[in-house]
Amino acid sequence: MAAEGDFLARYRAVSNKLKNFTVCLFCFIVFFPSACVLPGQLAKELKQQDCLQYAAFCNLAMARCEQTLFNAPGEALALTDAARLFLSSEKEIRALQAQGFDEHLQAALNCYSFAIKVYIEMNQPVMAASLCLELGNALKEMNRPGEAIVHFQRAAELQAQTPIEALLSMGEIATCKILTRDYDGALSVFTEMQLMCQERGLQLPGTTSPIGAFLDIVAKCEISRVLLLMLLEPPPQKLLPEHAQTLERYAWESFDPHSQGRHSLILNCLGESVLQMACQEKDTESLKSLQTELWPFLTAEQNHLLHLVVLERIAPSGQGI
């Protein structure tokens with residue numbers, strides 16, 4: 001209690017100094033810059049004492065000082081520090097399984113929002129996007145993927161001039177949609193990513209095939225799309241043309257068993273499985289065997305989707321389109 005009283009007394013003293021410094025213009029010009037240091041010093045001490053939410057409030061006071069001085073970079077930095085401290089405080093409460101009303105999480109969301117706004121006004125979309133990704137990842141770790149989608153979407157919009165980063169953000173959107181069991185939405189995102197790679201990706205001269213990192217993203221999207229189509233099993237009347245073409249390609253094309261490359265092998269096996277299901281709807285043993293063979297080659301997310309496909313064949317849930 002004594003420590004808390006000491007903190008409150010010092011906080012009031014700092015607030016009174018800030019009020020007194022703004023009484024006249026002369027005092028404002030001479031003393032206000034040095035006054036901005038006071039909340040920062042107090043924030044450092046409180047952070048060392050593990051009083052994270054109080055340190056965050058001091059950073060908010062510092063951000064207000066920087067705003068008054070028209071120092072946008074300093075304001076954004078102080079707001080970001082406050083947001084991270086509020087977020088850390090919320091994580092501590094959750095780790096202790098204590099009762100709460102998400103007030104620290106809401107404070108962190110507000111601080112992140114203001115910091116992102118400041119960076120956008122400074123014409124620094126890359127910094128703004130990084131904060132959106134930071135917030136989205138934090139929400140996903142807190143088992144709030146539905147709320148994280150909005151922030152990943154905003155990050156992708158801010159990264160419009162950098163296709164690779166935008167595609168990675170869109171991949172996070174698809175992951176969150178899978179976590180929320182919005183498989184149709186995830187399929188749409190993967191399709192959009194694949195089209196974006198083909199339109200904006202680096203291509204070989206005289207061809208429309210992407211190369212480099214874009215080719216890897218196309219292959220990963222193609223695998224995820226095939227798995228999602230196998231899981232959803234949309235009826236022909238509701239099947240979009242691009243999805244119908246994908247299923248046709250992997251159901252009827254003759255695959256080269258000697259094709260090289262990890263992605264080619266996976267797509268060949270998936271294509272064969274689509275053909276098997278078209279011929280024998282209840283052939284679950286082939287799918288189990290395929291799952292065992294593909295497990296080392298797929299990502300954790302793709303393995304999850306393949307597992308759902310197998311479960312859906314064994315015990316249909318009726319959750320498809």
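When a residue number appears, it is its place in the shown sequence, counting from 1.
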| Phe114 atom CZ: more than 12 heavy-atom contacts under 6.0 Å | no
| message | Tell me whether the count of non-hydrogen atoms from other residues, nucleotides or ligands lying under 6.0 Å of CD in Gln237 goes above 12. | response | yes
Please examine the side chains of [Y] and [X], heavy atoms only from C-beta on, and report whether any two atoms are closer than 4.5 Å.
| X | Y | result |
| --- | --- | --- |
| Asp102 | Arg144 | yes |
| Glu134 | Arg84 | yes |
| His104 | Glu92 | no |
| His307 | Asn303 | no |

| Is Lys47 paired with Asp81 through a side-chain N to carboxylate O contact shorter than 4.0 Å? | no
Give every donor-acceptor pair under 3.5 Å between a side-chain atom in residues 153-177 and any protein atom, sequence neighbours left out.
{"residue": "Gln159", "atom": "OE1", "partner": "Ser169", "partner atom": "OG", "Å": "2.6"}
{"residue": "Thr162", "atom": "OG1", "partner": "Gln159", "partner atom": "O", "Å": "3.2"}
{"residue": "Ser169", "atom": "OG", "partner": "Glu165", "partner atom": "O", "Å": "3.2"}
{"residue": "Glu172", "atom": "OE1", "partner": "Lys140", "partner atom": "NZ", "Å": "2.6"}
{"residue": "Thr175", "atom": "OG1", "partner": "Gly171", "partner atom": "O", "Å": "3.0"}
{"residue": "Thr175", "atom": "OG1", "partner": "Glu301", "partner atom": "OE1", "Å": "2.6"}

| said: Tell me whether Ser89 contacts the main-chain N or O of Phe86 through its side chain, where contact means a donor paired with an acceptor under 3.5 Å. | reply: no
| query | Any sub-3.5 Å donor-acceptor pair from Asn71's side-chain atoms to Glu66's backbone N or O? | reply | no
What are the two closest heavy atoms between [X] and [Y], and how far apart are they?
| X | Y | value |
| --- | --- | --- |
| Thr80 | Ala76 | OG1-O, 2.8 Å |
| Cys197 | Val218 | CB-CG2, 3.3 Å |
| Gln291 | Leu306 | CA-CD2, 3.7 Å |
| Leu305 | Leu228 | CD2-CD2, 3.7 Å |
| Tyr183 | Ile178 | CE2-O, 3.9 Å |
| Glu90 | Leu105 | OE1-N, 3.3 Å |

| said: One pair to check against side chain to side chain contact (heavy atoms under 4.5 Å, CB included): Leu52 and Leu46. What are the steps and the verdict? | reply: CA-CA 7 Å; Leu52 301 181; Leu46 290 168; over 6 Å; no
| Working for side chain to side chain contact (heavy atoms under 4.5 Å, CB included), residues Glu141 and Lys91 | CA-CA 10 Å; Glu141 289 175 5; Lys91 289 179 180 179; 3.8 Å; yes
Exercise answer: donor-acceptor pairs, residues 116-123 side-chain atoms, under 3.5 Å, sequence neighbours excluded:
none

